[in-house]
Amino acid sequence: NSRRWRQIQLSKFHGRALHARKLRQSNDLCAAFSTHARALKSGIPGSTAAANRLINRYVELREIEHARRVFEELPEPNVVSWTSLMAGYIAAGRPATALWLYGRMRGSEVLPNEFTLTTAAKACSVLADLRMGKRIHAHVEAFGLRGNVVVCSSLVDMYGKCNEVEEARRVFDLMVDKNIVSWTSMIAAYAQSGKGREALHLFWEFNHLRLGFPNHFMLASVVNACSSSGSLVSGRIAHGAVIRYGHEANDVVASALVDMYAKCGYFSYCEKVFRRMENPSVVPYTSMIVGAAKYGLGMLSLGLLEEMVDRGVKPNDVTFLGILHACSHSGLVDNGLEILEFMPKKHGIIPDARHYTCVVDMLGRIGRLDKAYELAKSIQVRPEEGALLWGSLLSASRLHGRVEIATEASNWLIKSNQQLSGAYIKNMTYVFSAGDLRCPRRNEVVSLLKELEGKMKVKGYMGGIEGLVFVEVEEEGQEEIVSLHSERLALAFGLISTPKWVTMRIMKNLRMCGACHEAFKIISEIVEREFIVRDVNRFHHFKNGSCACRDFW
């Protein structure tokens with residue numbers, strides 16, 4: 001009761017604060033209109049400095065169209081006028097218009113300065129527009145601003161956002177002077193490109209050189225790097241740095257920590273970090289919901305959604321994606337369908353391909369294959385989304401004996417990219433591909449797999465072959481294909497490379513197949529070890545012959 005009362009009071013507080021902000025903004029806007037009207041009457045629009053102040057005021061109030069009108073009234077806008085309006089369009093979520101303005105400015109007699117080029121590079125970052133970003137970079141060189149730390153930091157960020165991390169590093173290395181923004185941008189570029197190890201090395205270099213104290217943006221990027229690499233050891237070290245520099249209460253950093261612990265298979269501590277936050281925003285709430293979904297904690301995810309709505313925190317599209325995942329992997333189909341229905345009606349969020357993929361998965365699990373199949377065919381998906389969509393259909397159709405749907409799903413998956421798994425052992429990363437025996441300690445890996453296969457058959461393991469592979473191969477060949485799935489290669493390598501007390505962590509870029517899932521359960525009992533596998537859907541924690549997902553994934 002006391003907790004509910006506190007939530008009600010917090011909701012009222014947030015409501016009053018929002019009302020106060022709107023009232024203040026309304027008063028400020030009236031003042032801006034009044035200033036604009038007086039300027040029009042007195043003919044001050046001809047004064048560029050006064051007009052620029054008015055443009056900036058409208059930009060601050062997010063009234064970009066009024067800012068544009070003031071700009072258009074100027075007979076000769078200067079570089080400040082152009083740059084201010086460009087920045088306003090970026091703040092208003094219209095970076096493409098900002099770049100159009102930049103092109104229009106280049107056709108005038110006004111030359112860009114370092115702030116103009118920084119703003120243009122930021123627009124390219126938001127759009128991930130590499131082609132235009134390279135043009136901005138060429139202009140930086142042409143105007144002799146290669147040594148400007150602000151401009152070059154924005155180029156590092158732009159190349160990072162465009163996933164051109166090598167080019168970002170080239171710009172970074174050519175910088176004579178670097179500030180904390182430069183270092184943070186480069187670390188973030190590595191983290192966003194999935195190069196967690198490089199991001200961590202750069203952070204250690206920054207500390208070693210004693211260039212100053214890291215701010216919360218840098219620390220959040222470091223924690224995100226640990227999330228992308230799945231390294232719990234590095235994540236704990238990064239968390240220590242967060243505490244040491246006093247940023248644990250920061251909303252951005254705390255959200256990154258929640259996400260990191262969830263992705264590294266340490267959900268209990270993820271929840272502890274979250275509960276230390278006094279007023280979590282949508283980002284940490286969403287991180288918690290997505291984390292709970294990957295562990296099959298559907299009721300917890302639904303409870304978190306209710307809690308955040310009660311506290312006046314508006315969920316976004318990613319929040320609902322996490323909720324639908326949680327419902328799908330916890331058997332809460334009715335709840336999931338209800339959430340999908342109320343997304344646009346109650347929350348104003350239109351479901352996209354990702355949300356419908358979750359619905360296909362939910363329907364397939366309860367045997368409504370025809371509806372799931374029709375929905376799957378109607379969804380426009382990218383290849384990486386299709387792997388999850390058709391993998392879910394394959395699993396469900398095999399379970400319910402719908403061979404015709406399973407055949408189509410299987411053929412789609414065969415044409416898609418090869419499976420990959422990454423094993424994290426002694427703080428090193430090893431990557432394995434299905435059927436590819438060019439792996440470390442090859443002979444030992446193959447020998448152990450054969451030994452384990454024999455021990456599993458003694459325990460009654462049939463290999464899960466029937467209905468699993470819908471291609472023209474002999475049964476013996478099917479068994480060999482399954483035994484060489486990437487996660488099994490990663491597991492065998494881990495077993496011969498780590499001590500018995502170490503919990504192995506394996507990441508997989510596709511859904512774990514049923515045969516491998518069953519094999520991992522039996523192997524965990526045979527070797528008396530714990531394995532944590534993170535596939536595209538969720539975490540699987542294998543221990544003593546069972547999995548934490550209770551065979552529902």
Side-chain angles (χ1 to χ4, degrees), residues 227 229-232 259-271 290-301 322 325-332 358 361-362 364-365 387-388 391-392 394-396 398-399 419-425 429-432 434 449 452 456 459 461 463-464 468 482-495 498 502-553:
S227 298
S229 67
S231 172
L232 180 59
D259 183 62
M260 182 272 293
Y261 279 118
K263 287 181 177 176
C264 290
Y266 202 11
F267 188 74
S268 59
Y269 207 81
C270 158
E271 198 166 8
V290 171
K294 285 191 174 292
Y295 285 85
L297 302 173
M299 293 308 298
L300 175 59
S301 291
H325 263 297
C327 292
S328 178
H329 296 285
S330 301
L332 304 172
C358 288
D361 184 53
M362 281 193 292
R365 289 174 187 278
L388 177 58
S392 299
L394 174 61
S395 176
R398 187 185 74 233
L399 179 65
Q419 309 173 59
L420 292 174
S421 284
Y424 297 82
I425 297 153
T429 304
Y430 298 87
V431 179
F432 300 85
L449 282 174
L452 289 172
M456 287 191 291
K459 287 184 171 288
Y461 175 68
L468 176 67
V482 173
S483 69
L484 291 180
H485 276 186
S486 54
E487 58 266 50
R488 294 210 200 183
L489 293 171
L491 176 63
F493 178 73
L495 287 173
T498 60
V502 170
T503 298
M504 239 179 299
R505 286 176 166 81
I506 297 171
M507 296 173 66
K508 181 173 172 62
N509 71 330
L510 295 176
R511 182 182 182 276
M512 193 177 192
C513 78
C516 288
H517 189 270
E518 191 64 26
F520 270 53
K521 289 197 300 183
I522 298 174
I523 292 172
S524 72
E525 183 180 13
I526 292 171
V527 300
E528 298 179 342
R529 295 279 300 267
E530 292 184 43
F531 322 126
I532 294 178
V533 178
R534 171 181 154 197
D535 70 4
V536 290
N537 287 345
R538 58 169 295 157
F539 279 91
H540 301 270
H541 189 167
F542 299 95
K543 182 180 179 181
N544 298 329
S546 63
C547 177
C549 76
R550 301 182 299 279
D551 297 337
F552 195 91
W553 85 102

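- Here His329 contributes atom NE2 and Cys358 contributes atom SG; the two are 7.0 Å apart, rounded to the nearest 0.5 Å.
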Could you walk me through whether Leu300 and Tyr295 pass the side-chain contact (heavy atoms from CB on, under 4.5 Å) test, one step at a time? CA-CA 10 Å; Leu300 175 59; Tyr295 285 85; over 6 Å; no
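- Checked against a 6.0 Å centroid threshold, the rings of Phe542 and His517 count as neighbours.
- Of all heavy-atom pairs spanning Leu332 and Met362, the tightest one is O-SD, 4.4 Å.
- Looking at Ser524, its side chain never comes within 3.5 Å of a backbone N or O of Arg529 through a donor-acceptor pair.
- Closest approach of His325 to Ala293, counting heavy atoms only: CB-CB, 3.9 Å.
- Residue Met512 holds its CE atom at 5.0 Å from CD of Glu487, rounded to the nearest 0.5 Å.
- Within the model, atoms NE2 of His540 and CD1 of Ile506 stand 11.5 Å from one another, a figure rounded to the nearest 0.5 Å.
- Heavy atoms only, all atoms of each residue included: Ala515 and Arg488 are closest at O-NH2, 3.4 Å.
- Heavy atoms only, all atoms of each residue included: Ile522 and Lys459 are closest at CG2-CD, 3.8 Å.
- Across Cys547 and Lys521, no two heavy atoms sit closer than the pair N-CD, 3.8 Å.
- For Glu530, the side chain to side chain contact (heavy atoms under 4.5 Å, CB included) criterion is met by Thr503, His541, Lys543, not counting sequence neighbours.
- Inter-residue side-chain proximity for Leu495 and Leu452 is flagged as met; some heavy-atom pair is nearer than 4.5 Å.
- Taken from CD1 in Ile523 to SG in Cys516, the straight-line distance is 8.5 Å, to the nearest 0.5 Å.
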Start with the C-alpha distance between Leu491 and Leu449, add both sets of side-chain angles, then the distance that settles side-chain contact (heavy atoms from CB on, under 4.5 Å), and finish with yes or no. CA-CA 9 Å; Leu491 176 63; Leu449 282 174; over 6 Å; no
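- Ser330 meets the side chain to side chain donor-acceptor pair (under 3.5 Å) test with no other residue; sequence neighbours excluded.
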Side-chain donor-acceptor pairs under 3.5 Å in residues 261-269, sequence neighbours left out?
| unit_1 | atom_1 | unit_2 | atom_2 | d |
| --- | --- | --- | --- | --- |
| Tyr261 | OH | His239 | ND1 | 2.7 |
| Lys263 | NZ | Asp259 | OD2 | 3.3 |
| Tyr266 | OH | Arg236 | NH2 | 3.4 |

